[in-house]
Amino acid sequence: SKKIVIKIGSNTLSDGEGMLNRDFFMNFTSQVKRLTDMGKQIIIVSSGARIAGVSTLGKWKRKEDLHYKQALCAIGQVELMDSFRRSFKEEDLLIGQILVTRDDLSDPGRTVYIRNTLFTLIDEGVIPIINENDSVSVDEIKIGDNDNLAALIANLWNADLLILLSDIDGVYDKNPKEHDDAVIQETITDIAKLRREISFGSSGSFGTGGIRTKIEAAEKVTQYGIPMILACGKHENIISSLIDKKEKASLFL
Ligand code: ADP
């Protein structure tokens with residue numbers, strides 16, 4: 001696959017204490033560098049604005065207050081992009097930021113602009129990093145989670161592959177964090193069947209979608225023939241390990 005969309009979840013970007021994880025950024029960047037050197041084109045969809053906002057302020061007040069949450073995203077988005085910019089610079093890679101809301105992706109006129117911007121960035125060798133514009137979007141106008149956003153971007157760009165990097169290495173028949181005997185589902189060709197057979201546990205503390213939105217994303221892209229991999233972003237060199245089949249993951253076809 002040449003055109004790859006990689007989505008990074010909040011729990012992957014951060015360490016156990018809710019700080020952005022420098023080691024992850026360094027390792028992830030070198031993986032992207034290797035891929036671009038191989039001639040692959042990459043778009044990144046990254047969560048983590050809120051968690052970066054929290055760690056920047058070093059406190060978590062009025063958790064349920066919408067304005068406060070949106071303010072945290074405004075602060076955190078800058079921190080997040082600063083981490084990306086600095087680590088990509090070490091590899092001589094340039095990044096460009098695109099923040100979108102649901103309206104941007106449901107209006108055909110606007111999607112054309114987004115697509116043209118993406119193609120232009122990629123033609124120029126710049127890596128687009130996309131996130132939902134959480135500081136301006138309220139629930140009613142939200143895509144809601146970056147799994148679905150990444151799927152929409154993969155479809156828009158006509159990607160060859162979507163990779164979701166989470167804190168979990170695949171879909172299990174039940175939440176592996178709560179059940180030691182959970183069994184990973186390695187190749188999934190029938191999503192409706194999968195939905196009937198697995199149980200959906202709760203997501204991590206900073207995760208928004210959990211496993212449900214990852215399956216929705218798989219549904220969105222596989223109907224257009226784009227395969228999706230769910231893998232653990234915490235594992236070092238995960239992407240090349242996936243290519244070499246050294247690491248387990250869930251593959252949706
Ligand atoms: P991210 O931040 O990467 O988007 P989330 O925290 O939103 O990740 O979702 C991943 C979490 O979903 C896992 O850490 C896991 O605890 C939980 N989960 C619940 N049910 C399942 C299941 N059946 N298989 C795999 N993970 C599950």
Side-chain angles (χ1 to χ4, degrees), residues 5-21 23-25 27-28 31 43-55 69 72-73 76-77 80 83-84 129-132 134 139 142-154 162-188 190-221 228-236 238-239 242 247-252:
V5 176
I6 305 173
K7 179 260 175 176
I8 312 166
S10 304
N11 295 317
T12 306
L13 288 162
S14 57
D15 57 21
E17 271 107 59
M19 304 288 282
L20 291 178
N21 183 348
D23 292 340
F24 170 80
F25 279 94
N27 186 250
F28 178 72
Q31 295 186 70
I43 293 180
I44 296 166
V45 175
S46 180
S47 307
R50 193 148 58 98
I51 201 167
V54 174
S55 65
K69 273 197 233 172
L72 282 175
C73 291
Q77 182 65 27
L80 183 64
S83 292
F84 275 115
I129 302 185
I130 303 175
N131 196 2
E132 180 146 40
D134 287 315
D139 283 348
K142 261 191 175 181
I143 300 157
D145 64 89
N146 275 348
D147 299 321
N148 277 292
L149 172 59
L152 293 170
I153 295 294
L162 169 62
I163 301 176
L164 303 184
L165 295 181
S166 183
D167 64 343
I168 197 87
D169 53 8
V171 183
Y172 286 73
D173 59 342
K174 50 196 167 188
N175 190 352
K177 297 230 176 105
E178 288 158 12
H179 303 272
D180 291 338
D181 61 341
V183 181
I184 191 168
Q185 315 290 301
E186 282 183 291
T187 307
I188 297 129
D190 187 342
I191 295 176
K193 182 163 168 276
L194 178 81
R195 278 184 188 283
R196 288 194 299 274
E197 290 176 351
I198 70 163
S199 70
F200 300 81
S202 56
S203 70
S205 50
F206 272 94
T208 42
I211 209 68
R212 186 178 305 275
T213 53
K214 289 167 185 57
I215 294 171
E216 286 169 11
E219 238 158 11
K220 280 197 170 74
V221 294
M228 186 189 101
I229 294 173
L230 171 59
C232 184
K234 300 224 176 224
H235 296 172
E236 217 170 303
I238 178 68
I239 298 168
L242 289 172
E247 196 89 56
K248 62 178 175 179
S250 286
L251 169 66
F252 294 80

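Read the numbers this way: they start at 1 and go in the same order the structure lists the ligands and their atoms.
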**Asked** Does Lys174 approach ligand 1 within less than 4.0 angstrom via side chain, backbone, both or neither, non-hydrogen atoms only?
**Response**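 The answer is the backbone of Lys174.
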**Request:** Check Ser199 against ligand 1 and report side chain, backbone, both or neither, counting heavy atoms closer than 4.0 Å.
**Result:**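 The backbone, only.
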**Request:** Using heavy-atom distances, let me know which of Asp167, Ile198, Ile184 sits nearest atom 13 (C) of ligand 1.
**Result:**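 Among Asp167, Ile198, Ile184, the closest heavy atom to atom 13 (C) of ligand 1 comes from Asp167.
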**Message:** Please state which option from Gly9, Gly210, Ser10, Gly48 has its nearest heavy atom closest to atom 7 (O) of ligand 1.
**Reply:**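 Ranked by closest heavy atom to atom 7 (O) of ligand 1, first place is Gly210.
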Going by heavy atoms, is [X] under 4.0 Å from ligand 1?
X	result
Ala182	no
Lys7	yes
Gly170	yes

**Message:** Show the atoms of ligand 1 that are less than 4.0 angstrom away from any heavy atom in Ser166.
**Reply:**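 Once the distances to Ser166 are compared, the set is 1 (P), 3 (O), 8 (O), 10 (C).
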**Request:** Can you sort out which atoms of ligand 1 are near Asn11, meaning under 4.0 Å from one of its heavy atoms?
**Result:**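 Those of ligand 1 that fall under 4.0 Å from Asn11 are 2 (O), 6 (O).
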**Message:** Working note: Ser250 + Ile184, criterion side-chain contact (heavy atoms from CB on, under 4.5 Å); need CA distance, chi angles, decisive distance, verdict.
**Reply:** CA-CA 7 Å; Ser250 286; Ile184 191 168; 4.1 Å; yes
**Asked** Please walk me through it: do Lys214 and Val171 pass side-chain contact (heavy atoms from CB on, under 4.5 Å)?
**Response** CA-CA 9 Å; Lys214 289 167 185 57; Val171 183; 5.8 Å; no
**Request:** May I ask you to check if ligand 1 and Lys214 share an N or O to N or O distance below 3.5 Å?
**Result:**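 There is such a contact, yes.
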**Asked** Just one of Thr213, Leu162, Ile211 clears the side-chain contact (heavy atoms from CB on, under 4.5 Å) bar with Asp147, so which one?
**Response**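 Looking at Thr213, Leu162, Ile211, the match for Asp147 under the side-chain contact (heavy atoms from CB on, under 4.5 Å) is Thr213.
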**Request:** Check each of Asp181, Ile198, Val183 against Lys174 using the side-chain contact (heavy atoms from CB on, under 4.5 Å) test, and report the only one that passes.
**Result:**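 So, applying the side-chain contact (heavy atoms from CB on, under 4.5 Å) to Lys174 and each of Asp181, Ile198, Val183, only Asp181 qualifies.
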**Any donor-acceptor N/O pair, Asn11 side chain to Ser14 backbone, under 3.5 Å** =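 Answer holds: no.
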**Request:** Run the salt-bridge test on Arg212 and Asp145 with the 4.0 Å N-O cut-off and return the result as yes or no.
**Result:**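 So Arg212 does not pair with Asp145 through a salt bridge.
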**Asked** Is the CZ atom of Arg195 crowded by more than 12 outside heavy atoms at less than 6.0 Å?
**Response**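 Counting other residues, nucleotides and ligands, CZ of Arg195 exceeds 12 neighbours.
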